[in-house]
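We name chains A, B, ... by the order of the sequence lines, and we start the count at 1 in each one.
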Amino acid sequence: MNFQFVLDNLAALTVTGLTQGSIYALVALGYTLVYGVLRLINFAHSEVFMIGTFTTTIIWAALGFGVGAAAPSTLGVLGLILAAVLAAGAASGATALVVERVAYRPLRKRNAPPLIFLISAIGASVALMEAAGAITNRQPRGMPSLVFPKVQFSIFGADVTNLQLGIIFSALLMWVGLDTFINRSRLGRGVRAVAQNPEVAALMGVNKDRVIMLIFILGGAMAGAASVLYDVKVGLTTYSVGFLIGIKAFTAAVLGGIGNLRGALLGGLLLGVVENYGAGVFGNQWMDVVAFLVLVVVLLFRPNGLLGESLGRARA
Amino acid sequence: MLLELKDVSLAYGRIVALHGISLTVDEGEIVALIGANGAGKSTTMRAVSGLRPVLKGSISFDGQDITKMRADLRVIRGVSQSPEGRGIFPGMSVRENLEMGAYTRRNRPEIDKDLERVFGLFPRLKEREKQSGGTMSGGEQQMLAVGRALMSRPKLLLLDEPSMGLAPMLIQQIFDIIVEINQQGTTVLLVEQNAQQALSRAHRAYVLETGRIVKEGTGAELLHDPAVKDAYLGVA
Amino acid sequence: MVGLLVGAAACAKDDDGGDTTSASSCDSKIAFFGALTGGNAQLGINIRDGAKLAVDEYNKANANCKVTLVEKDSAGDPAQASGLATSVVQDAKILGTVGPAFSGESKVANPILSKEGVVIITPSATNPALSKQGDKTFHRALGNDASQGPGAALYMKNVMKVQKTYVIDDASEYGKGLADQVKTTLAAGVIGSGVVKEQQTDFGTLVQEINKSGADSIFWGGYLREAAPFLKQFREAGGKAKFVAGDGVKDPKFVEGAGATAAEGAILTCPCVPPEKAGGTFAADYKTATGHEASTYSAEAFDAANILLQGIKAGNTTREKLETFVDGYTGEGVTTKFKFQADGDIDPSAVAVWAYTVKGGQIVALERTPTS
Amino acid sequence: MLEVDNVTIRFGGVVALDGVDFVVREGEILGLIGPNGAGKTTCFNAITGVAKPTKGAIRFNGESVAGRKRYKITRLGIARTFQNIRLFPEMTALENVLVGADARHKTSVVGALLRVYRVPVKRHELAEVTATGGLARLAQQARRTGQRFFGLSRHTLEERAARAKATELLRLVGIDVRAGELARNLSYGEQRRLEIARALATEPGLLCLDEPAAGFNPAEKEELLALIRKIRDTGVTVLLIEHDMRLVMGVTDRIVVMEFGKKIAEGTPAEVRENPKVIAAYLGVPADAA
Amino acid sequence: MNALLESARRADERRAKAAIGIRDRWSSLPRPWRIAVLIAFIALLYSLPGLDIPLITTPDTDFTSVLFLCAVYVLVAVGLNVVIGLAGLLDLGYIGFYAVGAYTVAILGSPNSPVVVKYPWIVCVPIAIAVAMLSGVILGWPTLRLRGDYLAIVTLGFGEIIRVFALNSDITNGNRGINAVPTPSEADWPSWMTWFPTIHEGRPVFSVSSVIGFYWLALTVVIICMLGVRRLERSRVGRSWLAIREDEEAAELMGVPTFKYKLWAFAIGAALGGLSGALFFSKQTFINAQGFDLFTSILWVAAVVIGGAGNQLGVAVGAILLAYLPERFREFTDYRLLIFGVALIVMTIFRPQGLLPSRRRTVELEDRAKEAPVA
């Protein structure tokens, strides 16, 4: 155990943690939206993220930036990232929608019990992952180096790079956009209404099926955006990339209070930071253990997560 | 005829809750359903608003068969329900709850006008506009539920136990408002346990018992029917 | 009733389970044992093709007395390995195996194979513990990880002339073992060390630390899945230190993952001989037979199969005889000069650790690493 | 027997019960009435440990209920039914009652698995516990002479006793012919009765019935009335929430009237019926009186 | 398209009804008959390795080894069924208990483990069961108060923690693993069965190359455990579990100590998981962290639900399919998980009640379907 190391590098670990946590938070939004409305753990969401990572490589390659290509100008990089966000967001959103149509809707029509949904979700997850595995021959796929980290400024002794700033900032931006949409717009109100009381929402004229489609698309798009950030940061993806990130993101969602958008953000960032501290203290290999232990401890004291459950309900 | 139920049966699981209910509501009426707890009043409402699929029989509204129509589409046709237990969205403010009532409508100026109308009917709600629905008292929630149902500009307003949990003063008030709403041109179908109030305000009423209609008549007739008195007041 | 059925079961097994002296010399089999499917299939296919080439050449030369190559696909999964090993054992015609290919499945399969005398020559499993398990028929056609570590370190010290090395491992047996040996050999040249976890993708902190430490080289004990993103992030952050890694990283996918620019100049060591440097006409024959270039472990598999085939050719058509033959075998293969120690490991003098580098996006062989 | 002492319950900002005070006397049938939303069911929840009083105390036979686990409250001797029927729908009627009966059983998990712990059975008990035929009868004959040595496993003994008891209770509420049917397949009335049987199986001193007659027709209500009397006659005290005035007036010994979480009246049915506050609250003020 | 789906579903429902009909006929058979048929069936199971039935026998790999794997998976499913099917607790990290049992045997018994004491197999296994059971209690004590979905994620975390621990801890030898895990020795074999090894070509019953002893051992254990679980199922314990699954609050108000029974379910499930891990790795003789991944754990849950949670025969069938199909159809190795995933979705749509459902669930699902809201 190495507490001294963590104390010495607290700021640096916090920044890397926030960067990782931003990606968790974006993926967690998808879990939280679906859970908030359907009370269903969308196990296949991790694969929705995975599809996004591959879409990014494909779109870049299509634009002439395959593996090893030299990075274009700053403006070009931004353009590439934007294109990837759009493409990956669309692909992930579409994947999520297909999962909903194929794996969940028939069950909803039959009013199946929750456990059955879970099994169908597992099935969708396995099928998507293995299909990607078969197509890519289970080989990792790299992407061009687009962003070269440069230290922008130092805060409390931590060097903050442009990459880290970009990731955290983009994630926050996406989150603010989603939060505004859910809390301010008419459709968003419909989503919250279905989450809080689906029956009464129907009495208000809310089409539940449409709301469900909407949340799958929104959650998928968020995962797609997260996958672009992941690709820029890591530069490599495989067919099984979603599994661990999915579990972490779901943990983050539960940590913050599942069904709660603010909780997803808080949970994601917190999980990223805490597991980095934990990795600093106990060693990298214990990172996941720390993450899960934090979850258990939080749930024991706050059984509904840090910010409580329920979509759009800002209560403690 | 605005609403017509023909021989409607409905079941929860294997328990049949309605055994062939037939009733009609004409435009401009207040019609009350009365009966003991478990007699099937709320279930009838759920059949009309589409929250429960009917087993048998048909429901037509405004000349159209809506038996198999989804609940949210019925709202667009003009059926609006203030559900039993009020069903306030606890995580939304009073204003947001009212806006939810107008979910199917797009015409902003019209909606704003209706908001003012509801605030006019229930000044209390105006005071609490920003408060979250979950923290309001029972009476305020009831007002909100009725106000919200009005926001969709319904042709038919379904009210499920509007007096539940209200103090006598408030009960008076809410029934006054129901009559007012009715006079402004909205047809009302009302489920009520407070038989005295309901019958004295309603044009017509049906008495339900174990999922069947056992009696119907004008409010005044039923109010003075000894059998009804017996069942509700415990005095023969 | 149960007893009766069991008796029948035992009889059925008798036909192929028991004594093998009666087997004629012309229906012998050898088995390939390794992954043909799953995530690590490529290495398995390389090995299978190498062995197949050897068997085909043998059968062409001995058309009247052919040997069959049986393929046992383990998908690299130890849990599947035991059943496959048992099925190998039960086929008395199978005298020896090329494989098992990976160390994990070897630990499960070797005791089973060895107990029934099946001769094992692995062309790829480099875990040092395999020769210490007490499996008497185990042989290894190449150096183990213990021989690779010093080779890599000596190459760094004597050829690359590095001064300050940062050593990273992934806590796996393979990676940590390799890293530890490099640390021992380089001794004072190591200025720092770090651990990464399986499937780690973010190396921000580590990269910063290495850059701060002023290291001129990095040794990576681990696999390509973590090495590729690490090197990419390291180079993107402006890291200039030379990158050295073992055979767990030596794969074209590493170059693809890290990007050719980032990977350029990385040194990869392997106790395997570059097929194009293999003796004879192996590389050309392989290309003709399979239609693609020989790759990692193909040549070793070719040699391993050939040793078994030579034994069979010499009339050693029982497991016992073949075992004796292989134990006493000395001979030149396409990769190196073979001679096995008592524990099954190849004689240290025959171990060939090669250094490779990434050049223009391709992994190319440089030279054999110094032995001292 | 049961004392509800100045109990207040708040949910968030809403006061569900406000200083409610009453006692249930041994052997009586006490009615609890009031309009919907008056806090009657909350009162039940407080008594059975589902809701925790913010203030005040509930004592059963002198023992405080507060802070006890719910199943321990049941074992103290308080059983209840639910306003919205809450049976175990995928279990048979008999099994539902057996779950209730298990509250009085002592077989442990290990005991149920190994079934070696033997309880000596007295001769006169044998006839009762070995109701099943065949092998059991043979065993019974073998044991007649040496029951002291063999006995029955506690599991077997309790299981048989429970079955006997459950069958009897089902007969009491009149649905013994439906014993093997899944609870969800029973009719509404049968389900209500099954709930009562299940509650009785826990051998309560106090039985709390939450609107047992809801959805019943007059004939069924009559039968229920008789059943409640019968239950009281077996020595069980009954606390009854009911809307049907005729039923309440007909069966109860005393009535407590609630409105807005407060007790507004208490007395014999005749007294309560005459109380103007009750008439105003429960029956509703006539429109013309306003 | 929809019409096609509908007709397929209806045909399938008819099949399901037929299956239930068979079961009804079965339970109406006189008891001696049923026992006789059961004994014959069990005898068939014991003699499967020798029968060499065409089409069923695995072509590429040793059939007895596959049967052994099936038996171990059935044991896993029986244990998981107690947790999921009977008590209704969703445990996604069940493999953690499997690992705990396996490692306990390896650490206490292998000469190559870091722990000095060495016990024979026959001593290790009961300890392994106890340790696994204890780990179930330790995990369950704080977490069983949590709601269903949260329990799922916490158990998932537990499974992962155990794996990471096995991968990085010194006591498990890290990823290097432990070899020479003890196997049941001839000394454990009852002396009156000395005739036995002779019929098997002089090979010891429990040798690495003779799997039949392991298969018979595993099968025996499975039968004993299934009978044991059945006993619990048909006692107040099973009734309490069922009641908890149906309506936890009502169960508690009827006097069921719900927490205690949930903890028992967890502990029993954990013990069975530990036992199956111990059995499997006794035969495997080598153990490392590979093979304890969460993915397998999740597949187990899927197998149990697909087989028909709550029905022991059903979950056994689910487990056998999960173990057997990949070995039988090795040519599809690369696609088997893909096929499996698709099959899961199709199954949930057509047969949500599982292959061999418990009767209760069939009725429940029918009724739920009827109550589905207006489309």
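Both the backbone and the side chain of E/Val301 come within contact range of chain A, each with at least one heavy atom under 4.5 Å from a heavy atom of that chain. With a 4.5 angstrom heavy-atom cutoff, A/Leu128 does not touch chain E via any of its atoms. Using a 4.5 Å cut-off between heavy atoms, E/Phe165 touches chain A through backbone and side chain atoms alike.
Using a 4.5 Å cut-off on side-chain heavy atoms (C-beta onward), E/Ile298 and A/Phe243 make contact. You'll find the side chain of E/Leu92 reaches within 4.5 Å of the side chain of A/Phe43, heavy atoms only.
A 6.0 Å sphere centred on CZ of A/Arg210 holds no more than 12 heavy atoms belonging to other residues, nucleotides or ligands.
Note on E/Gly88, E/Ala343, E/Ala302, E/Gly157: by heavy-atom pairs under 4.5 Å with chain A, the leading option is E/Gly157. Of all the listed residues (E/Ile84, E/Val342, E/Ile306, E/Leu90), the one sharing the greatest number of non-hydrogen pairs under 4.5 Å with chain A is E/Leu90. In terms of heavy-atom pairs under 4.5 angstrom with chain E, the leader among A/Val102, A/Val296, A/Leu299, A/Leu295 is A/Leu299. In terms of heavy-atom pairs under 4.5 angstrom with chain A, the leader among E/Leu167, E/Ile339, E/Val164, E/Leu338 is E/Leu338.
Rounding to the nearest 0.5 Å places CZ of E/Arg163 at 7.5 Å from CG of A/Asp288. For the atom pair A/Phe292 CZ and E/Ile153 CD1, the distance stands at 5.5 Å (nearest 0.5 Å). Here A/Phe250 contributes atom CZ and E/Leu156 contributes atom CG; the two are 9.0 Å apart, rounded to the nearest 0.5 Å. Separation of atoms CE (E/Met347) and CD1 (A/Ile119) is listed at 10.0 Å; rounding is to 0.5 Å. A/Leu300 CG to E/Leu146 CG: the interatomic distance, rounded to the nearest 0.5 Å, is 6.0 Å.
When all heavy atoms of A/Pro303 and E/Tyr150 are compared, the pair lying nearest together is O-CE2, 2.9 Å. Residues A/Met129 and E/Phe295 come closest through the heavy atom pair CE-CE1, 3.4 Å.
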Query raised in the report: Do A/Ile247 and E/Leu294 pass the side chain to side chain contact (heavy atoms under 4.5 Å, CB included) test, and can you show the C-alpha distance, the side-chain angles, and the key distance before you say yes or no?
Result: CA-CA 10 Å; A/Ile247 287 183; E/Leu294 288 181; 3.7 Å; yes
